[in-house]
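These notes concern the structure reproduced below.
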Amino acid sequence: MTETTFTPRVFSGIQPSGDLHLGNYLGALKRFADAQGKGVQSIYCMVDLHAITVPQDPADLKRSTRELCAGFIASGVDPEKSILINQSQVPEHAQLAWIFNCVARMGWMGRMTQWKDKAGKNAEAASLGLFAYPALMAADILIYHATHVPVGEDQKQHLELTRDIAAKFNHDYGVDFFPLTEPVIEGAATRVMSLRDGSKKMSKSDPSDASRINMTDDADTIAKKIRKAKTDPDALPSEVEGLKDRPEARNLVNIYAALNEQTVEQVLADVGGQQFGSFKPALADLAVAKLAPISTEMARLMGDPAEIDRLLAKGALQAREITAPILKKTYEIVGMVGA
């Protein structure tokens, strides 16, 4: 069996769970936008099929999917440079997932950390979709023969499972058809923490809206939240070591560095010795300059849902030019008559 050379292709997806915040932007959306134009085709996906593994209000899901699309575009993901899709509009995702349900083993799924965390002690009441979620994630990636997937720590196990499924399919059918997708870990991702408690991740589920900067916040709201962010009484250090045991200080410096495309070391070299009374206004100005145009563009896009739907429909057509032949060949390999 000769080894296949796969065309480099990047795939990544985000759940349309609503209320995008600064953590989503710095951890994913900004990175996706920055990765464009490097000669590698990229597909970015709103994974609404994954979202319904837990109960969803239909109207909220529709709104959240459009808002996520608006967030991608406003953050700089250009539908002319990347393929931007809604998962359910490309049926080959779900069709390949069934094949992978028949390849993956129950034991593999039962060991998935996210399944254990989300199902907890009430696994009998969890949906079958939640259990089989990783097979659909593998299909999301492999229906494009994606060679690279940007991942955070919480998704590395799913990508390992994707590789296991690809390897087992290839072995079982004596082919070299699916690539063993590689994770893309681009340095230390900015881990954005709560503005009210630097020991907790920024989250849409925090009851305090002041704990996060929402991607829909206007300039005044962004500045106000930064000014009111929790800090400590000490001056900023000149060295990274000085941020140890100062979670709120570390968080604000990390945010400044990420927004200004600097390292933490570079920021501290500039601001070491400053009090927060000086640093927070500078961070607020920077955050407004970088984020307010995004929230303004998101609001404009959300005011024209037909345009968002048009862009997603266009993306689905582009995607299916890739996915339909791959699914057809998969069916042929498996032995589906008429494939």
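Below, each value reflects all heavy atoms present in this structure, side chains not excepted, and no hydrogens, waters or symmetry copies.
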Run the side chain to side chain contact (heavy atoms under 4.5 Å, CB included) test against Ala319 and tell me which residues pass, sequence neighbours left out. Ile83, Ile85, Val90, Tyr144

Return the minimal non-hydrogen interatomic distance between Ala135 and Phe100, and the atom names on each side. O-CD1, 3.9 Å

Indicate the atoms forming the closest heavy-atom contact of Tyr256 with Gln262, along with that distance. CE2-OE1, 3.6 Å

CA sep, side-chain torsions, deciding dist, call: Thr216, Glu67, side-chain contact (heavy atoms from CB on, under 4.5 Å): CA-CA 9 Å; Thr216 52; Glu67 183 180 275; 4.0 Å; yes

Above 12 or not: heavy atoms from other molecules or residues under 6.0 Å from CD of Glu239? no

Might you point out which heavy atoms bring Tyr25 and Ser75 nearest each other, and give the distance in Å? CD1-OG, 3.5 Å

Using salt bridge (Lys or Arg N to Asp or Glu O under 4.0 Å) as the criterion, list what pairs up with Asp304, not counting sequence neighbours. none

The test is side-chain contact (heavy atoms from CB on, under 4.5 Å); show your working for Asn260 and Gln266 and say whether it passes. CA-CA 10 Å; Asn260 213 34; Gln266 288 171 327; over 6 Å; no

So do the side chains of Asn214 and Asp209 get within less than 4.5 Å of each other, counting heavy atoms only? yes

Backbone of Gly76 reached by a side-chain donor or acceptor of Gln36 within 3.5 Å: yes

Ion pair check, Asp309 and Arg66, cut-off under 4.0 Å: yes

Is there a side-chain contact between Phe32 and Pro150 in this structure, where contact means two heavy atoms from C-beta onward sitting under 4.5 Å apart? yes

Rounded to the nearest 0.5 Å, how far apart are CG of Leu312 and CE of Met46? 5.0 Å

Any side-chain heavy-atom pair from Ser211 and Asp197 closer than 4.5 angstrom? no

How far does CG of Leu20 sit from CG of Asp217, to the nearest 0.5 angstrom? 11.5 Å

Which heavy atom in Leu22 sits nearest to a heavy atom in Met202, and how many Å separate them? CB-SD, 3.8 Å

With a 4.5 Å cut-off on side-chain heavy-atom distances among I, L, V, M, F, W and Y, is there a chain of contacts connecting Phe276 to Val264? yes

Can you find a pair of side-chain heavy atoms, one from Met336 and one from Ile99, that are under 4.5 Å apart? yes

ILVMFWY network linking Leu142 to Trp98, side-chain heavy atoms under 4.5 angstrom: no

Using the test side chain to side chain contact (heavy atoms under 4.5 Å, CB included), find all partners of Lys314 that sit at least two apart in sequence or belong to another chain. Glu80, Gln318

Main-chain N/O of Thr147 paired to Arg9 side chain as donor or acceptor, under 3.5 Å: no

Smallest separation among heavy atoms of Ala235 and Gln275, with atom names: CB-NE2, 3.5 Å

Verify, without hydrogens or angle tests, whether His50 (side chain) and Ile14 (backbone) share a donor-acceptor contact under 3.5 angstrom. no

Val253 and Leu283, any side-chain heavy atoms less than 4.5 Å apart: no

Compare every heavy atom of Ala35 with every heavy atom of Tyr44, then report the nearest pair and how far apart it is. OH-CB, 4.3 Å

Trace of the side-chain contact (heavy atoms from CB on, under 4.5 Å) decision for Ile226 with Ile213: CA-CA 8 Å; Ile226 294 290; Ile213 295 176; 3.6 Å; yes

Take the angle between the ring planes of Tyr173 and Phe169 and call it parallel below 30°, perpendicular above 60°, tilted in between. tilted

Apply side-chain contact (heavy atoms from CB on, under 4.5 Å) to Asp234 and Arg246, showing your working. CA-CA 9 Å; Asp234 297 329; Arg246 298 180 64 187; 3.6 Å; yes

Backbone N/O of Ala210 and side chain of Ser208: donor-acceptor pair under 3.5 Å: yes

Quick one, Asp48 with Lys62, criterion salt bridge (Lys or Arg N to Asp or Glu O under 4.0 Å). Give me CA distance, side-chain angles, the key distance, then yes/no. CA-CA 9 Å; Asp48 56 345; Lys62 188 175 288 188; over 6 Å; no

Interatomic distance, Ile73 atom CD1 to Leu311 atom CG [nearest 0.5 angstrom]: 5.0 Å

Evaluate Arg163 against Glu160 for salt bridge (Lys or Arg N to Asp or Glu O under 4.0 Å), listing each step before the verdict. CA-CA 5 Å; Arg163 290 167 58 89; Glu160 289 164 8; over 6 Å; no

Contacts of Glu261 meeting side chain to side chain contact (heavy atoms under 4.5 Å, CB included) (sequence neighbours excluded), chain-then-number -> Lys30, Asp34

Min side-chain heavy-atom separation Val192-Asn254 under 4.5 Å: no

Does Val149 reach the side chain of Thr162, with side-chain heavy atoms less than 4.5 Å apart? no

Just by distance, do the side chain of Ser127 and the backbone of Thr53 share a donor-acceptor pair under 3.5 Å? yes

Does some side-chain heavy atom of Leu161 sit less than 4.5 Å from a side-chain heavy atom of Met109? yes

Among pairs that include at least one residue of residues 10-21, which meet side-chain hydrogen bond (donor to acceptor under 3.5 Å, both in side chains), considering only residues two or more places apart or in two chains? Gln15-Tyr133

If the threshold is 4.0 Å, N to carboxylate O, is there a salt bridge linking Arg196 and Glu248? no

Between Lys200 and Asp206, does any NZ, NE, NH1 or NH2 come within less than 4.0 Å of an OD or OE carboxylate oxygen? no

Determine yes or no for a side-chain-to-main-chain donor-acceptor pair under 3.5 angstrom, with Glu92 supplying the side chain and Ile143 the backbone. no

Taking Gln89's backbone N and O only, do any of them form a donor-acceptor pair with Asn86's side chain (distance below 3.5 Å, no angle check)? no

Scan for side-chain hydrogen bond (donor to acceptor under 3.5 Å, both in side chains) pairs involving residues 278-301, sequence neighbours excluded, and state none if there are none. Glu297-Arg300

Between Asn170 and Asp176 (side chain of the first, backbone of the second, donor and acceptor by atom type, cut-off under 3.5 Å), is there such a pair? no

Applying a strict under-4.5 Å side-chain criterion to I, L, V, M, F, W and Y, I'd like to know whether Val47 and Ile141 cluster together. no

Separation between OG1 of Thr323 and CG of Leu96, rounded to the nearest 0.5 Å: 10.0 Å

Would you please classify the geometry between the His93 ring and the Phe11 ring as parallel, tilted or perpendicular, with 30° and 60° separating the classes? tilted

Would you say NZ of Lys81 has more than 12 non-hydrogen atoms from neighbouring residues, nucleotides or ligands within 6.0 angstrom? no

So does Ala146 get a backbone contact from the side chain of Thr181, meaning a donor-acceptor N/O pair under 3.5 Å? yes

Separation of Leu259 CG from Leu26 CG (nearest 0.5 Å): 5.0 Å

Is Tyr331 linked to Ile326 within one hydrophobic cluster, defined over Ile, Leu, Val, Met, Phe, Trp and Tyr using a side-chain heavy-atom separation of less than 4.5 Å? yes

To the nearest 0.5 Å, what is the distance between CG on Asp220 and NZ on Lys225? 12.5 Å

Do Met302 and Leu68 belong together in a cluster built from hydrophobic side chains that touch within less than 4.5 Å? yes

